[in-house]
Amino acid sequence: MRLTINQKYVLGLKMLGITNTELAKQLHFSKQYIGQLIKGQRKNASFNDWMNKNVMPLFETNKRFK
């Protein structure tokens with residue numbers, strides 16, 4: 001099953017048990033801005049770094065969700 005990057009973000013946050021609100025607090029962004037980043041409507045280097053460190057590794061080892 002191939003997932004888009006946005007689907008990986010949503011699923012990965014669920015797997016980690018982190019809500020958009022919690023992520024927004026951690027990154028010092030608004031909840032709305034996090035939603036836009038997840039949907040791919042905006043871009044931010046800090047968000048991308050956080051996702052690459054915390055979410056994307058979940059999909060490297062799980063071949064079912066590549």
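All values below were derived from every heavy atom in this structure, side-chain atoms included, with hydrogens, water molecules and symmetry-related copies excluded.
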- request: Please check if the side chain of N20 supplies one atom and the backbone of G35 the other of a donor-acceptor pair under 3.5 Å.
  value: no
- request: Give a yes or no on whether the ring-centroid distance for F47 and Y9 is below 6.0 angstrom.
  value: yes
Atom pair CD/CD of Q41 and Q36 - distance to nearest 0.5 Å: 5.5 Å
message: If you compare all heavy atoms of N52 against all heavy atoms of P57, which two are closest, and at what distance to 0.1 Å?
response: O-CD, 3.3 Å
field: With M51, the side chain to side chain contact (heavy atoms under 4.5 Å, CB included) member among N48, D49, V55, N54
entry: V55
field: Closest heavy-atom pair and its distance - M15, F59
entry: SD-CZ, 4.3 Å
- prompt: Do F29 and N44 touch side chain to side chain, with heavy atoms closer than 4.5 Å?
  reply: yes
field: side chain to side chain contact (heavy atoms under 4.5 Å, CB included), paired with K8, selected from L13, L58, L3
entry: L3
message: Restricting to side chain to side chain donor-acceptor pair (under 3.5 Å), what partner residues turn up for Q26, sequence neighbours left out?
response: none
message: Please evaluate residues L23 and W50 with respect to the criterion side chain to side chain contact (heavy atoms under 4.5 Å, CB included), reporting the C-alpha separation (whole Å), side-chain torsions for both, the decisive distance (0.1 Å), and the verdict.
response: CA-CA 10 Å; L23 182 58; W50 193 93; 3.7 Å; yes
field: Residue pair G17 / E22: nearest heavy atoms and the distance that separates them
entry: O-OE1, 3.5 Å
